Amino acid sequence: RHTQATAEIMGNFFSDASSQLLVFSMNDRLSPTGELAQAVLRLFQKPCPKEVIKRQSKMFPFNSHASVTIYWVQTREDGINRTYVIDSRRVSIHETGWISFDVTQAVSYWQQQNKTDQPLVLEVSVHRENIGPMASNAHKFISFSSQNPADGELHAPQLQLHTLDTKEYGAQGNCIPNMPLTKITRCCRSETYINLQNLKWAENWILDPPGFKTYTCVGSCQQLKKEHLNFKWPFSMQRKCFAAKSAHLPLIVAVKDGDSIVTKVVTLYNMKVLECGCASVGMPIMKKLKP
Amino acid sequence: QIEEKIQESLMKQLNLNDIPVLEKTDVEKLVIPDHVRTKYISLLKRSSEETFSRGK
């Protein structure tokens with residue numbers, strides 16, 4: 001609306017999505033030493049009546065699909081709920097049975113809130129796949145078993161949490177002081193000071209800071225063994241010691257600008273390592289919850 | 001390794017192909033302007049807040 005270069009385009013809301021809320025009590029389901037590897041939401045898709053399928057196939061021969069989107073619902077202190085898209089997939093009216101969604105990011109968001117007494121709330125929304133004259137009505141006939149006891153416990157939505165014990169598979173925090181790096185076996189953070197004034201290449205142009213404290217991640221991690229896992233590990237079995245949390249490093253530098261010399265502020269992102277951790281190669285990094 | 005990372009990141013951010021070579025006499029009388037210093041301090045504060053909150 002306020003961009004001069006772009007003409008205003010009027011639109012209408014066109015939504016006839018159906019949605020249901022799922023509430024999962026998380027009490028004692030995730031131990032403080034449990035590293036979340038994967039969270040799976042399993043929904044049971046109820047069969048669609050045959051006569052509906054026939055009618056739909058006649059009316060919309062090329063599209064019998066709808067979109068199912070999973071949202072994480074954040075209950076905020078100001079009373080305004082905020083939703084975050086977690087996973088989405090196409091579903092056909094011809095299908096029936098269990099469908100899985102990856103809700104790891106939702107559980108990670110829930111963990112970041114640090115409110116373990118609050119349940120995990122997910123919203124399942126079934127909506128039209130496309131909008132337009134050829135759009136099918138398939139979304140109206142796709143439904144999942146709810147948490148309502150009337151739907152039966154057998155097909156109730158399930159939340160599967162796969163975790164690893166960080167006591168065994170995680171990093172150990174700070175390294176033992178004064179231990180030679182060659183003797184460190186388990187992943188840990190080793191404090192170090194980078195003295196920028198001592199670096200020959202940085203001479204006369206990195207003006208501030210003179211140096212900074214950081215950590216390096218050293219050592220190795222306990223490797224996964226298939227026989228010790230009671231679920232299918234979705235990532236590589238190889239676990240590595242890496243920088244799990246880091247901070248930015250601002251610098252004042254002097255650079256030549258034509259014939260003169262000017263000073264500039266540069267931010268080096270993720271330069272100061274704060275925490276080390278163990279993770280499987282290929283494991284996605286969870287997004288941070290915005291304030 | 002950290003040294004290399006700093007060097008690489010700096011060159012990228014400043015769009016430089018080579019490490020700048022400045023003489024001591026070039027920078028001796030250089031005064032850091034207030035706006036540069038203010039920006040640096042605010043970024044430094046933000047970085048240490050991050051360090052503190054993440055450290056928790």
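On a predicted model such as this, the values are computed, not experimentally measured, just so you know.
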Checking B/L22 against chain A: side chain, backbone, both or neither under 4.5 Å from a heavy atom? both
If you count heavy-atom pairs under 4.5 Å with chain A, which of B/Q7, B/K5, B/R37 comes out on top? B/Q7
Step by step, work out the side chain to side chain contact (heavy atoms under 4.5 Å, CB included) result for A/H248 and B/L43. CA-CA 9 Å; A/H248 306 330; B/L43 286 168; over 6 Å; no
Taking everything shown except B/E4 itself, do over 12 heavy atoms lie less than 6.0 Å from its CD? no
Under 4.5 Å heavy-atom distance to chain B, tell me which part of A/L199 shows up: side chain, backbone, both or neither. side chain
Please find the pair of heavy atoms, one from B/V27 and one from A/A254, that lie closest to each other, and give the distance. CG1-CB, 4.0 Å
Side chain, backbone, both or neither of B/E3 within contact of chain A (heavy atoms, under 4.5 Å): both
Around atom NZ of B/K12, are there more than 12 heavy atoms from other residues, nucleotides or ligands closer than 6.0 Å? no
Count the heavy atoms of every other residue, nucleotide or ligand shown that sit under 6.0 Å from CG of A/D78, and state whether that count exceeds 12. yes
Which atoms form the tightest heavy-atom contact between B/I19 and A/W201, and what is the distance? CG2-O, 3.5 Å
Nearest heavy atoms of A/I252 and B/V36, plus distance in Å: CG2-CG1, 4.2 Å
So which residue, A/T216, A/V253, A/L251, ends up with the most heavy-atom pairs under 4.5 Å with chain B? A/L251
Less than 4.5 Å to any heavy atom of chain A: does that hold for the side chain of B/L14, its backbone, both, or neither? side chain
So which heavy atom on A/P250 is nearest to which on B/Y40, and how close? O-CE1, 3.4 Å
Evaluate side chain to side chain contact (heavy atoms under 4.5 Å, CB included) for A/D208 paired with B/I32, printing each intermediate quantity in order. CA-CA 10 Å; A/D208 217 338; B/I32 299 170; 5.6 Å; no
Just checking A/N27: does its CG atom have more than 12 heavy atoms from other residues, nucleotides or ligands closer to it than 6.0 angstrom? yes
Backbone N or O of A/L249 within a donor-acceptor pair of the B/S47 side chain at under 3.5 Å? no
Where is the tightest heavy-atom contact between B/S9 and A/M271, given as atom of each residue plus distance? CB-CE, 3.9 Å
Tell me whether A/D117 at atom CG has more than 12 heavy atoms from other residues, nucleotides or ligands lying less than 6.0 Å away. yes
Surrounding CD of A/E168 (heavy atoms of other residues, nucleotides or ligands, distance under 6.0 Å), is the total greater than 12? yes
Separation between CD1 of B/I6 and CZ of A/F212, rounded to the nearest 0.5 Å: 4.0 Å
